Amino acid sequence: EVVEQRAVDVGESQLVAILSRFTGTLAQVPPMHSALKREGQPLYRLARKGIVVERAARTVAVKRLWLIAWDRLRPIIGVECGKGLYVRTLAQDIGAALGCGAHLGALRRTHVGAFDVADAIDLEALEQQPPAGRRERLMPVDTLLQTLPRVDLDHEASEQLEHGRQIACAAASVQRARVYGPHGRLLGVAAVDGGMLIARRLLSVERTLESEV
């Protein structure tokens, strides 16, 4: 059902000027088609039933917002933002500010933290690589944990942590840490509470056991 029609009469300079208004700290109302929950039910399920509920505005951050390519009806915009931003809502808000309305036509994530799409390889291309080539292209798993402080344990402490025991830890000023055992083997992620290291997510280790009957 068409509920409203507006003319699209927007110039490139007008769009660029509007974009500057959407940088910095913003108050954004999450869309109904989102995974946020209301009384245990995701909003998108309510939206599919035609139910609209009030949503509280959330504080989000847009570090940079720029025009990549100009097209009168389908401009391409770059966004550098913090977590929690809904780009779909940002597009709608920009359209409302322009007076013509707008919606998100496509979304491509090009950079997350230390990861850039320029360094990525698709699964099909990876599968065509020999085993040595695959290992060279794949990053080690602890690349994901570089923002956490590192804690190294000796063999005895590693065994205790892997069996669920708490370990005394001098790094009392941190809340979470990436934990390594002997020879730099990543054990996983642990919490630090009251001077004790408590396992939270540990990597599975294959063990070979020999028994004599």
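Source: prediction; values computed, not measured.
Residues passing the salt bridge (charged side-chain N to carboxylate O under 4.0 Å, His left out) test with Arg150 are Asp152, sequence neighbours excluded. Residues forming a side-chain hydrogen bond (donor to acceptor under 3.5 Å, both in side chains) with His111 (at least two apart in sequence, or on another chain): Asp116. His183 pairs by the side-chain contact (heavy atoms from CB on, under 4.5 Å) definition with nothing, not counting sequence neighbours. Arg6 meets the side-chain hydrogen bond (donor to acceptor under 3.5 Å, both in side chains) test with Glu4; sequence neighbours excluded. For Ala102, the side-chain contact (heavy atoms from CB on, under 4.5 Å) criterion is met by no residue, not counting sequence neighbours. For Arg108, there are no salt bridge (charged side-chain N to carboxylate O under 4.0 Å, His left out) partners, not counting sequence neighbours.
Under the 3.5 Å distance criterion, the side-chain polar atoms of Arg200 are left unmatched by any main-chain donor or acceptor of Arg176. Using modelled atom types, no side-chain atom of Gln28 and backbone atom of Leu85 make a donor-acceptor pair closer than 3.5 Å.
At least one side-chain heavy atom of Leu153 sits less than 4.5 Å from a side-chain heavy atom of Leu197. Residues Leu65 and Leu90 are in side-chain contact: their nearest non-hydrogen atoms beyond the backbone lie under 4.5 Å apart. Contact of the Gln146 side chain with the Arg178 side chain is registered, since non-hydrogen atoms from C-beta on lie closer than 4.5 Å. In this structure the side chain of Tyr86 never reaches within 4.5 angstrom of the side chain of Val29, judged on heavy atoms. Residues Leu145 and Leu186 have side chains in contact (heavy-atom distance under 4.5 Å, counting atoms from C-beta outward). Proximity of Val60 to Cys81: side-chain heavy atoms (C-beta onward) are nowhere separated by under 4.5 Å.
Applying the salt bridge (Lys or Arg N to Asp or Glu O under 4.0 Å) test to pairs two or more places apart or on separate chains, those with a residue in residues 68-86 are Lys63-Glu80, Arg64-Glu80.
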Mind listing the side-chain donor-acceptor pairs of residues 131-142 below 3.5 Å, one per line with the distance, residues two or more places apart or on another chain?
unit_1 : atom_1 : unit_2 : atom_2 : d
Arg134 : NE     : Leu126 : O      : 3.4
Arg134 : NE     : Gln129 : O      : 3.0
Arg134 : NH2    : Glu127 : O      : 2.8
Arg137 : NH2    : Asp119 : O      : 3.3
Asp142 : OD2    : Tyr180 : OH     : 2.7

What pairs of donor and acceptor atoms, side-chain ones from residues 39-57 against any protein atom, are under 3.5 angstrom apart with sequence neighbours left out?
unit_1 : atom_1 : unit_2 : atom_2 : d
Arg55  : NE     : Pro30  : O      : 2.9
Arg55  : NH1    : Val53  : O      : 3.0
Arg55  : NH2    : Pro30  : O      : 3.1

Scan the side chains in residues 14-26 for donor-acceptor partners under 3.5 Å anywhere in the protein, sequence neighbours excluded, and list what turns up.
unit_1 : atom_1 : unit_2 : atom_2 : d
Ser20  : OG     : Ala17  : O      : 2.6
Thr23  : OG1    : Ser20  : O      : 3.1

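Minimum heavy-atom separation, Pro75 to Leu67: CB-CD1, 4.0 Å. Considering every non-hydrogen atom in both Ala157 and Ile167, the closest pair reads O-CD1, 3.8 Å. Nearest approach of Asp154 to Pro182, heavy atoms of both residues: C-CG, 4.0 Å. Taking all atoms of both residues into account, the shortest heavy-atom contact from Ala199 to Leu161 is N-CD1, 3.8 Å.
Heavy-atom contacts from other residues, nucleotides or ligands closer than 6.0 Å to CG of Asp122 number more than 12.
Rounding to the nearest 0.5 Å places CD of Gln92 at 7.5 Å from CZ of Arg88. Atom CG of Leu187 sits about 9.5 Å away from atom CD of Glu159, to the nearest 0.5 Å. Between Asp193 atom CG and Gln166 atom CD the span is 8.0 Å, to the nearest 0.5 Å.
In this structure, Ile76 shares a hydrophobic cluster with Trp66, Ile68, the cluster being traced through Ile, Leu, Val, Met, Phe, Trp and Tyr side chains under 4.5 angstrom apart. Hydrophobic cluster of Val112: no remaining members, since no ILVMFWY side chain lies below 4.5 Å from it.
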